[in-house]
Amino acid sequence: MILALETSCDDTCAAVVSPDGVIRSNVVASQGLLHERYGGVVPEIASRRHLEVVDAVTSDALEWADVSLDDVDRVAVTRGPGLIGALLVGVSSAKALAAARGLALVPVDHLHGHVVASTLEPDPIEAPYLSLVASGGHTFLARVDEPSTYRILGQTLDDAAGEAFDKGARLLGLGYPGGPAIDRLAREGDPVAFAFPRSQPGDGLDLSFSGLKTSLLYRLRDLGEDEGARRRADLAASYQRAIVDALVARVEQALAREGLDRLAIGGGVAANSELRQALADRSERSGVGLWAPALALCTDNAAMVAAAARHLPALPYPDYLQLDATARLGPEDTRAAA
Ligand code: KG4
Ligand code: ZN
C-alpha cells in the first residue's frame, strides 16, 4: 500500500492507494472557508492549518481504507511546487511517518500528480496521451509517453486559467474561489453577448490569460456599475467561453501536432462544466478518448500523488532524511531527487 500526503496549497490531503492503482481512500480537508474572507490563500494561515489537521487527515485516510500503518509499504509526499511553508508540513510528516517504521519514501512533483491522476483505477488511461492541467497555480499541456514522467508542450505565459476565473470573479463581485461561482452564473448568461480575447501567443502551444482579465476590467468600466451588475450573467458566460475556447483550441492543436488520440484533464478548472462539455462533444465527434476524472481527482488530492509515486523510485530509509521541500519544481528535479 502507498500512503500519500499532499499539502502544497490550501488543502490537507491524505490517501491510500494499492500498488495496482485502486484508490482505497482519498481524504481532503479543505481550507477554502478559512481563506475566503481574504479573497485568496494566505500562506501562513495555510501552513498553520495543515499542521493542525495533518495527523487527523492521515488517520482518516488509513481508517477509511481499512488498513493500518503496518500495511503501508511506502509513503509518498508532494515535495513541490507550492507554498513552501505548506509543503514543509507534508514533507516533515511523511518523513516522520516513514522513518519511524524504516519505510521507503517517494518525493513527488505536484504537477506530475495532476498529469497522472487518470492512470488510477477503475478506468486507467494508457500512455501515450495528452494531459491538460489547468488549476489555480498552473496551466499547461503535457505529453505522457510513460507515466513516470511528462514533457511540457506549452504553458501559460502569465496567469493560470484558474487564476483568470478567480480574478474575473473578483471583478464581477463574486466570491472566492471564483471558478465555481462563474461556472454557476454563466449558466444563466449569454456566452456570445460580449467579445473577449482568445489569446494564442507565439506559434507553439502556449497560452495567456492576463489580457482577458484586463479586457473584463475595461468592459465593466465602460458599462458602469448598474449596467455591469445587470449584465453580470452575460459577462460571466462570455468570459468563461473565452477561457474554454482558448483551452480547447490548444488541446486540439496539441492532439494534432503530437498525433495523440487520448486526452486526460486535471486541475481545478477541469471541474468546469462548460469545458467538460466542450471536450466531451469534440471527443464524440473526433473519436479522441477523453478522461475527465471525478472532481475529487481533478482538484488537489493525495491519490494523484500516490498515482505518480507508483511509477517513481522510492528512497530507502534513511536516505530521505535530508529531503527538503521546494517551492519551485519541474519534471527534471523530481527525477534528480529520486
Ligand atoms: O487544482 P486546484 O484545486 O488547486 C490548485 O490551484 O492547485 O485548482 C483551484 C482552481 C481555482 O482557481 C478555482 O477557481 C478553479 O480551480 N476551479 C474552477 C472550477 N472549480 C474550481 N474553475 C472553473 N470552473 C469550475 N467549476
Ligand atoms: Zn494542484
Side-chain angles (χ1 to χ4, degrees), residues 4-13 15 26 28-32 35-36 39-41 43 46 77-83 86-87 90 108-118 131-140 142 150 155-156 159-172 174-187 189 191 209 212-213 236-237 239-248 264-279 292-305 307-308 327-330:
L5 301 184
E6 147 67 44
T7 62
S8 66
C9 190
D10 62 340
D11 292 320
T12 316
C13 319
N26 192 17
V28 178
S30 174
Q31 302 182 5
H35 301 279
E36 195 177 12
V41 176
V77 64
T78 300
R79 178 176 174 239
L83 303 171
L87 288 162
V108 173
D109 159 16
H110 176 82
L111 303 179
H112 186 199
H114 278 303
V115 166
V116 297
S118 291
S131 161
L132 167 68
V133 175
S135 72
H138 305 273
T139 296
F140 64 91
Y150 59 101
Q155 58 193 316
T156 181
D159 293 349
E163 210 176 339
F165 272 107
D166 294 338
K167 288 177 175 172
R170 196 179 308 170
L171 290 172
L172 290 169
L174 304 168
Y176 169 87
I182 291 191
D183 198 345
R184 272 193 303 275
L185 187 59
R187 286 180 203 142
F209 293 105
L212 179 60
K213 159 199 75 196
Y239 188 81
Q240 172 169 288
R241 176 63 61 87
I243 297 175
V244 169
D245 278 356
L247 292 171
V248 170
I265 60 174
V269 177
N272 184 263
S273 56
E274 185 174 349
L275 178 65
R276 288 174 94 95
Q277 192 58 52
L279 290 172
L295 203 55
L297 277 181
C298 288
T299 54
D300 287 351
N301 67 89
M304 72 181 195
V305 174
R328 291 178 182 282
L329 190 74

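Ligands are counted one by one from 1 in listed order, and the atoms in each one are counted from 1 as well. Index from 1, following the sequence.
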Asker: Counting non-hydrogen protein atoms only, what is the nearest one to atom 4 (O) of ligand 1? Give residue, atom name and distance.
Answerer: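 Atom 4 (O) of ligand 1 sits closest to the protein heavy atom Asp300 OD2, 3.4 Å.
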
Asker: Within His114, is some N, O or S atom less than 2.8 Å away from the Zn ion (ligand 2)?
Answerer: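 Yes, within the cut-off.
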
Asker: Return yes when Gln240 approaches ligand 1 closer than 4.0 angstrom through a heavy atom, no otherwise.
Answerer: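 Distance cut 4.0 Å: Gln240 fails for ligand 1.
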
Asker: Asp11 side chain to Cys13 main-chain N or O, any donor-acceptor pair under 3.5 Å?
Answerer: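 Not at all, since once roles are kept as given, no pair shorter than 3.5 Å links the two residues.
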
Asker: Using a 4.0 Å cutoff against the non-hydrogen atoms of Pro177, which atoms of ligand 1 qualify?
Answerer: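 Going through ligand 1 atom by atom, the ones under 4.0 Å from Pro177 are 14 (O).
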
Asker: Are Val115 and Val133 side-chain neighbours, meaning at least one heavy-atom pair lies under 4.5 Å?
Answerer: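 Heavy-atom side-chain distance check passes, below 4.5 Å.
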
Asker: Could you check whether the rings of His110 and His138 sit parallel, tilted or perpendicular, using 30° and 60° as the cut-offs?
Answerer: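 Tilted: the ring planes of His110 and His138 meet at 30° to 60°.
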
Asker: Distance under 4.0 Å to a non-hydrogen atom of Gly162: what atoms of ligand 1 satisfy this?
Answerer: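 Counting from 1, the qualifying ligand atoms are 12 (O).
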
Asker: Just jot down the ligand 1 atoms closer than 4.0 angstrom to any heavy atom of Thr299, in number order.
Answerer: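 Once the distances to Thr299 are compared, the set is 1 (O), 3 (O).
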
Asker: Any idea which atoms of ligand 1 are less than 4.0 Å away from a heavy-atom of Ser135?
Answerer: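 The list of qualifying atoms is 1 (O), 5 (C), 6 (O), 7 (O), 8 (O).
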
Asker: Does ligand 1 come near enough to Gly179 that some N or O of the ligand is less than 3.5 Å from an N or O of the residue?
Answerer: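 There is such a contact, yes.
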
Asker: N/O/S of His110 less than 2.8 Å from the Zn ion (ligand 2)?
Answerer: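 It does: His110 brings an N, O or S atom closer than 2.8 Å to the Zn ion (ligand 2).
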
Asker: Of the protein's non-hydrogen atoms, which lies at the shortest distance from atom 6 (O) of ligand 1, and what is that distance?
Answerer: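 Ranking protein heavy atoms by distance from atom 6 (O) of ligand 1, first comes Gly136 N, 2.8 Å.
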
Asker: Atom 24 (N) of ligand 1: which protein heavy atom is closest, and how many Å away?
Answerer: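 Protein heavy atom with the smallest distance to atom 24 (N) of ligand 1: Asn272 ND2, 3.0 Å.
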
Asker: Considering both backbone and side-chain atoms of Phe165, is one of its nitrogen or oxygen atoms within less than 3.5 Å of a nitrogen or oxygen in ligand 1?
Answerer: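 By distance alone, the answer is no.
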
Asker: Ignoring hydrogens and geometry beyond distance, is a side-chain donor-acceptor pair present between Ser8 and Arg79 at under 3.5 Å?
Answerer: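 Short answer, no.
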
Asker: Find, among atoms of Asp300 that are N, O or S, the one nearest to the Zn ion (ligand 2), and state its name.
Answerer: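 Closest to the Zn ion (ligand 2) among those atoms: OD1.
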
Asker: Measuring from atom CG of Leu171 to atom CG of Asp166, what distance do you get when rounded to the nearest 0.5 angstrom?
Answerer: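 Reported value, rounded in 0.5 Å steps: 11.0 Å.
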
Asker: Does only the side chain of Asp166 get under 4.0 Å from ligand 1, or the backbone, or both, or neither? Count heavy atoms.
Answerer: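 Contact part for Asp166 vs ligand 1: side chain (C-beta onward).
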
Asker: Roughly how far, to the nearest 0.5 Å, is OG1 of Thr78 from CG of Leu111?
Answerer: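 Nearest 0.5 Å value for the CG-OG1 distance: 9.5 Å.
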
Asker: Who's the nearest protein heavy-atom neighbour of atom 2 (P) of ligand 1, and how far?
Answerer: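 Checking every protein heavy atom, the shortest distance to atom 2 (P) of ligand 1 gives Gly268 N, 3.7 Å.
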
Asker: Checking side chain to side chain contact (heavy atoms under 4.5 Å, CB included) against Val244, which of Asn272, Leu279, Val269 comes through?
Answerer: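 Testing Val244 for a side chain to side chain contact (heavy atoms under 4.5 Å, CB included) against Asn272, Leu279, Val269 leaves exactly one candidate, Asn272.
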
Asker: Which bit of His114 is near ligand 1, meaning a heavy atom under 4.0 Å away: side chain, backbone, both or neither?
Answerer: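 For His114, the contact with ligand 1 is made by the side chain alone.
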
Asker: In ligand 1, which numbered atoms sit nearer than 4.0 Å to a non-hydrogen atom of Gly137?
Answerer: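 By the 4.0 Å cutoff, the relevant atoms are 6 (O).
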
Asker: Working to the nearest 0.5 angstrom, can you tell me the gap between Lys213 NZ and Asp159 CG?
Answerer: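 If I round to the nearest 0.5 Å, the distance is 4.0 Å.
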
Asker: How close do Ala46 and Leu83 get, heavy atom to heavy atom, and via which atoms?
Answerer: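 Smallest heavy-atom distance, with atoms named: CB-CD1, 4.5 Å.
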
Asker: Is the closest heavy atom of Ala271 to ligand 1 under 4.0 Å?
Answerer: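 Contact check Ala271 vs ligand 1: positive.
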
Asker: Just to confirm my output: which protein heavy-atom neighbour is closest to atom 26 (N) of ligand 1, and how far is it?
Answerer: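 For this ligand atom, the closest protein heavy atom is Asp183 OD2, 2.8 Å.
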
Asker: Do Asn301 and Glu6 get their side chains close enough for a donor-acceptor pair, meaning under 3.5 Å?
Answerer: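 Note: Asn301 and Glu6 side chains miss the donor-acceptor criterion.
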
Asker: Measuring from Phe209:CZ to Thr139:OG1, what's the distance to the nearest 0.5 Å?
Answerer: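 Interatomic distance, Phe209 CZ to Thr139 OG1, rounded to 0.5 Å: 5.5 Å.
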
